[in-house]
Amino acid sequence: MQQPRDHFSSQFGVFLAVVGSAVGLGNFWRFPYMVGTHGGAAYIILYLVFVVALCLPIMFSEFIIGRRTQSNVFGAFKKLAPGTGWWGIGLLSVAASIAILSFYCVVGGWTIEYMIQSVVGFSSDVGVLGHNFSSFVESPVRPILWHLLLLGMSAVIVVGGIRNGIEKACKIVMPFLLLMVIFLAIRVLFLPGAGEGVIFLFKPDFSKITAETVLAALGQSFFSLSLGMGCIITYASYVKKEANIVKVSVYTSFADVGFSILCGLAIMPAVFAFGILPSEGPSLAFITLPNIFAQLPFGNAIAFIFFAGLTVAALTSVISLIEVVAAYFTEELKLTRRTAVIITASIIVVTGSLSSLSMGALKGFTIFGKGIFDMFDYLASNILLPLGGLSIVIFVGWVLNKSVVKDELSSEGRHRVPFFKWTMFVIKFIAPIAITIIFLSALGLIKLF
Ligand code: TRP
């Protein structure tokens with residue numbers, strides 16, 4: 001016998017859980033270094049345009065599919081388009097979740113290591129920090145242990161269910177996270193020389209925009225909002241009929257962008273104040289920042305707060321990814337929630353360990369010229385998410401009945417839907433065309449600039 005389906009307790013609970021999924025390493029670790037490597041403000045503007053023009057309609061679409069069907073991603077497509085091949089998108093989503101978890105949990109594990117290291121304090125010598133970082137990520141045991149710890153904590157929360165596990169966890173940690181990033185941003189803005197970093201973040205240099213920048217901004221916006229692979233579909237399947245999904249989507253997008261900009265403000269001005277190049281890349285959070293913390297009064301405490309924040313931000317995102325796979329196993333294979341989570345976590349233990357080892361012991365092993373870790377990241381962010389997002393908008397725009405779309409967006413007529421025609425137009429035409437063009441140009445099949 002299947003248990004009756006669990007639900008989020010309120011609209012605010014849905015909001016916190018979706019923000020919990022959206023706000024994660026994508027905001028704290030990826031966004032600042034992407035802004036740094038892609039030239040600052042121009043990239044941020046592109047990113048904002050993508051969030052409003054493309055991501056929001058996709059988020060609506062995911063909410064519509066999930067809430068309508070009250071099913072896992074695979075079941076959702078099967079219910080809405082029976083007898084067609086659309087369920088394939090469901091399987092793709094489950095695969096994408098596994099791909100993301102396989103590198104995400106590893107980086108989440110690094111944040112735990114750095115949280116602990118910050119108790120002792122960091123060296124103020126960049127060379128030493130760089131060396132420590134590489135020897136840590138290349139070592140065969142510790143990173144894997146921390147990744148297991150993060151995975152284990154997340155699994156326990158997911159086993160607890162939607163209302164008593166996921167929603168509760170997000171209710172506890174999200175306010176803490178907000179306070180933390182505001183505190184850090186304010187602290188950093190008081191550093192002498194911080195102004196240059198603020199200028200870098202807000203004064204655009206459009207000559208920096210290339211086809212690659214456009215794709216990077218698109219990939220980042222999908223990644224940061226947890227779009228394109230059924231994460232929101234899955235959470236939406238636990239949303240009650242009364243909740244206003246348009247409002248939740250809009251507020252979530254604002255909150256996520258707000259977090260990213262605050263993270264940028266907490267990091268870039270510090271980078272400039274200490275005379276470091278912003279284009280440091282993925283090691284920004286693990287080499288550059290510890291170096292800065294080491295030179296600040298009470299730097300250890302600040303570093304601890306930062307890395308603890310990073311860890312919990314990763315945690316609430318990991319639980320949303322595990323839920324996609326676990327919901328699929330529970331409902332399609334008729335397993336208990338507990339067994340489904342254990343199976344999911346066991347898969348990630350293997351793929352995650354491999355991707356961690358690809359930094360060191362398995363460095364020589366490459367697939368299409370990329371190590372395992374980079375391959376999972378590239379596959380998910382640059383291929384599966386855009387493809388998934390494209391399929392989702394095509395499905396809602398062209399396959400799903402328009403009355404179903406309206407019915408869901410208005411929560412069965414309970415709420416007014418402003419800009420309905422415009423939203424439909426974007427979902428039907430603009431979003432699919434834009435994603436296709438950007439995607440093809442990134443693969444080098446057409447030339448944008
Ligand atoms: N959005 C999260 C972050 O920014 C990561 C994440 C969670 C994600 N669920 C997702 C990314 C689904 C893509 C798809 O860190």
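Every number for a ligand or one of its atoms is a count from 1 in the order of the listing. Below, each value reflects all heavy atoms present in this structure, side chains not excepted, and no hydrogens, waters or symmetry copies. These figures come from a predicted structure and were not determined experimentally. Counting begins at 1 with the first residue of the sequence.
Each of W146, F133, Y104 was checked for a ring-ring contact (aromatic ring centres under 6.0 Å, His included) with W110, and the lone residue meeting it is F133. When the options F306, Y114, F304, F293 are evaluated for a ring-ring contact (aromatic ring centres under 6.0 Å, His included) with F122, the one that passes is Y114.
The ligand atoms of ligand 1 that sit less than 4.0 angstrom from a heavy atom of S320 are 7 (C), 9 (N). When each atom of ligand 1 is checked for a heavy atom of Y104 under 4.0 Å away, the hits are 2 (C), 3 (C), 5 (C), 15 (O). Near N27, meaning under 4.0 Å from one of its heavy atoms, ligand 1 places the atoms 4 (O). Close approach of ligand 1 to L25 (heavy-atom distance below 4.0 Å) involves ligand atoms 15 (O).
The single protein non-hydrogen atom nearest to atom 2 (C) of ligand 1 is S21 O, 3.2 Å, given as residue, atom name and distance.
Residue-to-ligand polar distances place F223 within reach of ligand 1: an N/O pair is separated by less than 3.5 Å. Every N/O-N/O distance between I100 and ligand 1 stays at or above 3.5 Å. Taking only nitrogen or oxygen atoms, main chain and side chain alike, A22 reaches within less than 3.5 Å of ligand 1. Polar contact with ligand 1: absent for M229 (N/O pair, distance under 3.5 Å).
Side chain of Q11 to backbone of A243: no donor-acceptor contact under 3.5 angstrom is found.
No hydrogens or angles considered: nothing links the side chains of Y238 and E167 as a donor-acceptor pair under 3.5 Å. Side-chain contact check for T111 and T311: at least one donor-acceptor pair (N or O, by modelled atom type) lies under 3.5 Å. In this structure, a donor-acceptor pair under 3.5 Å is present between the side chains of D256 and S224.
Across S224, S97, S226, heavy-atom proximity to atom 9 (N) of ligand 1 is greatest for S226.
Applying the 6.0 Å contact sphere to NZ of K168 captures no more than 12 heavy atoms from other residues, nucleotides or ligands.
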